[in-house]
Amino acid sequence: MFDYGLVPDNFTFPFVLKACAALSAIEHGREIHEHVVQTGWEKDVFVGAALIDMYAKCGCVGSAREVFDKILVRDAVLWNSMLAAYSQNGHPDACLSLCSEMVLTGLRPTEATLVTAISASADNAALPQGRELHGLSWRQEFESHDKVKTALVDMYAKCGSVRVARNLFERLGVKRVVSWNAMITGYAMHGHATEALDLFEEMNRVAKPDHITFVGVLSACSHGGLLEEGWMFFETMIRDYKIDPTVQHYTCMVDLLGHSGRLDEAYNLIMQMKVVPDSGVWGALLNSCKIHGNVELGEIALERLIELEPDDAGNYVILSNIYAQAGKWEGVAKLRKLMTDRRLKKSIACSWIEVKNKVHAFLSGDTSHPLSDEIYAELERVGGLMKEAGYSPSTGSVFHDVEDDEKANMVCSHSERLAIAFGLISTPPGTRLLITKNLRICEDCHVAIKFISKITEREITIRDVNRYHHFKDGVCSCGDYW
DNA sequence: CTAGGGTTAG
């Protein structure tokens with residue numbers, strides 16, 4: 001175009017920027033951005049939205065925001081692009097606060113605004129926020145839109161209300177593949193394997209499952225420990241549905257084999273698969289090694305994980321736990337040194353609970369809550385009842401568990417226990433407690449919470465980093481492997 | 001005289 005002496009205009013840029021976005025070609029994108037500035041189109045909302053989207057798809061949220069801030073007369077699509085930029089780059093909270101800012105300017109949200117914001121609140125596992133957006137959808141008369149409703153199905157499932165999700169799902173006008181996928185995946189993460197598989201059968205009569213559907217189905221099998229069924233679905237997917245397995249499918253299979261204790265088979269599967277193994281696959285293997293106490297494969301998995309994500313402290317901690325369980329203290333010491341040398345800090349454990357539409361957050365050993373004294377008193381009271389019922393804090397491996405190993409003899413002040421105690425004293429008897437946590441639940445807390453659920457006759461639901469645990473009457477829905 | 005562009009759920 002330049003060779004012909006032509007100057008691009010406001011219609012040219014969006015096309016070119018879309019191409020940059022599709023290729024994640026950031027250098028080209030920045031070059032085009034310069035042309036935009038030179039030709040004076042930087043205040044155009046169409047060009048601006050395309051620029052924001054390009055930067056977002058290249059992972060440069062900061063640059064996207066600069067573009068957004070320079071445009072003072074904004075339309076809804078410009079806002080939506082910026083919301084999506086945050087959402088796609090793992091900043092759901094920024095997405096949500098920008099959404100309220102948008103609403104405050106008086107601009108009417110569009111379908112895309114709601115879909116983006118609702119999915120951000122799903123990522124945040126923030127039920128109050130999600131509910132608020134549900135209300136906003138009603139008021140703006142978008143609740144009947146199937147896209148918005150599917151986003152709500154996903155949000156309610158991810159925020160712990162599977163039944164509400166199912167209800168909305170049934171009220172969808174047209175169930176599209178994404179809608180089925182949202183519901184199946186929702187059941188899977190709650191460990192409701194039967195419901196997920198029943199829904200898959202039902203889906204087959206009316207829609208064609210895609211590769212995401214199978215991620216849901218396979219993860220349902222793995223969370224439910226259904227080894228045979230998992231293999232059957234994996235094979236049918238390839239043979240009958242002609243879907244090539246992706247890393248995500250392999251991750252489910254590794255998890256499935258690993259959970260059943262078939263670690264060598266899991267390792268062999270990774271070695272022979274035709275796609276490049278990512279941190280998810282090796283992470284699944286490492287986690288299975290932790291469950292079954294396999295030091296040798298755990299070491300291999302960590303080696304690969306260090307190559308892929310050297311700064312993720314969680315991986316080192318898991319292998320360290322495996323060493324500790326096996327009594328290999330020199331291994332524990334070696335990893336601890338490795339972590340200090342690399343200046344790696346474990347992420348701080350945090351749990352939060354919603355009570356009366358308000359979120360209360362707790363850190364491990366936290367004493368900052370206004371009701372702190374009452375919370376610790378309740379922990380002590382319940383702790384006494386637990387001892388009578390036969391609970392004794394596990395020793396040994398707990399000293400080096402996922403969080404707070406310095407104060408391991410005080411495991412009873414782990415963040416989830418504080419959140420539970422707060423829930424117990426601030427809700428009527430029998431109310432279900434819903435807690436979200438940023439890390440895995442430690443072994444000891446898992447045992448303890450089973451006791452608490454029985455003693456207090458409460459249903460306790462905890463969302464872990466990767467799945468839900470439903471504690472009821474002394475049993476957890478994860479069947480004790482997670 | 002006309003056309004053509006940006007955002008969204010699993």
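Heavy-atom basis, side chains included; hydrogens, waters and symmetry copies ignored. Numbered from 1 within each chain, the chains take letters A, B, ... in sequence-line order. Just so we're clear, the structure is a prediction, and the values are computed from it rather than from any experiment.
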query: Is there a donor-acceptor pair closer than 3.5 Å between any side-chain N or O of H292(A) and the backbone N or O of H259(A)?
result: yes
Pairwise side-chain contact, L96(A) with Y86(A), heavy-atom cut-off 4.5 Å (strictly under): no
- line: Within residues 11-24 of chain A, those residues having any heavy atom closer than 4.0 Å to DNA chain B are F11(A), P14(A), F15(A), K18(A)
- line: Sorted by number, residues from residues 55-73 of chain A placing a heavy atom under 4.0 Å from DNA chain B are none
- request: Using ring pair (Phe, Tyr, Trp, His ring centres under 6.0 Å) as the criterion, list what pairs up with Y55(A), not counting sequence neighbours.
  value: H33(A)
query: On DNA chain B, which is the earliest and which the latest nucleotide, 5' to 3', with an atom closer than 4.0 Å to a heavy atom of chain A?
result: dG4(B) to dG10(B)
- prompt: For E201(A), which residues count as a salt bridge (charged side-chain N to carboxylate O under 4.0 Å, His left out) partner, sequence neighbours excluded?
  reply: none
task: Could you list by number each residue of residues 188-226 of chain A showing a heavy-atom separation from DNA chain B of less than 4.0 Å, or answer none if no residue does?
output: D210(A), I212(A)
Which donor-acceptor pairs under 3.5 Å do side chains of residues 165-172 of chain A form with protein atoms, sequence neighbours excluded?
{"residue": "R166(A)", "atom": "NE", "partner": "E170(A)", "partner atom": "OE2", "Å": "2.7"}
{"residue": "R166(A)", "atom": "NH1", "partner": "Y187(A)", "partner atom": "OH", "Å": "3.0"}
{"residue": "R166(A)", "atom": "NH2", "partner": "E170(A)", "partner atom": "OE2", "Å": "2.9"}

task: Would you confirm whether H190(A), through its side chain, and A157(A), through its main-chain N or O, come within 3.5 Å as a donor-acceptor pair?
output: yes
- request: Give a yes or no on whether the backbone of N124(A) and the side-chain of K158(A) come within a donor-acceptor separation of less than 3.5 Å.
  value: no
message: Tell me whether K175(A) is salt-bridged to E202(A), with the criterion being a basic N under 4.0 Å from an acidic carboxylate O.
response: no
message: Any side-chain to backbone donor/acceptor pair from N315(A) onto G283(A)? Under 3.5 Å, distance only.
response: no
field: For DNA chain B, the residues among residues 104-130 of chain A that have a non-hydrogen atom under 4.0 Å from it
entry: E111(A), A112(A), V115(A), T116(A), S119(A)
message: List the residues meeting side-chain contact (heavy atoms from CB on, under 4.5 Å) with T431(A), not counting sequence neighbours, and say none if there are none.
response: T427(A), P428(A), R458(A)
message: Applying side-chain contact (heavy atoms from CB on, under 4.5 Å), can you list everything that pairs with D278(A), at least two apart in sequence or on another chain?
response: V247(A), T251(A), V281(A)
- prompt: How far apart are the closest heavy atoms of L83(A) and C95(A), and which atoms are they?
  reply: CD2-O, 3.3 Å
query: For L83(A), which contact category applies under a 4.0 Å heavy-atom criterion: base, sugar-phosphate, or nothing?
result: nothing
- request: Keeping the roles fixed (side chain from T39(A), backbone from H35(A)), state whether a donor-acceptor pair exists under 3.5 Å.
  value: yes
- request: Scan Q88(A) against the nucleic acid and name what it touches under 4.0 Å (heavy atoms): base, sugar-phosphate only, or nothing.
  value: sugar-phosphate
field: From E459(A) atom CD to S477(A) atom OG, the distance as rounded to the nearest 0.5 Å
entry: 9.5 Å
Can you give the donor-acceptor pairs under 3.5 Å from side chains of residues 234-245 of chain A to other protein atoms, not counting sequence neighbours?
{"residue": "T236(A)", "atom": "OG1", "partner": "M232(A)", "partner atom": "O", "Å": "2.4"}
{"residue": "Y241(A)", "atom": "OH", "partner": "N204(A)", "partner atom": "OD1", "Å": "2.6"}
{"residue": "K242(A)", "atom": "NZ", "partner": "R239(A)", "partner atom": "O", "Å": "3.0"}

statement: Heavy atoms of S161(A) and L127(A) approach each other most closely as OG-CD2, 3.8 Å
task: Can you tell me which stems DNA chain B forms, taking runs of 3 or more consecutive Watson-Crick or G-U pairs with both distances under 3.5 Å?
output: none
query: Does A112(A) offer a backbone N or O that forms a donor-acceptor pair with the side chain of T110(A) under 3.5 Å?
result: yes
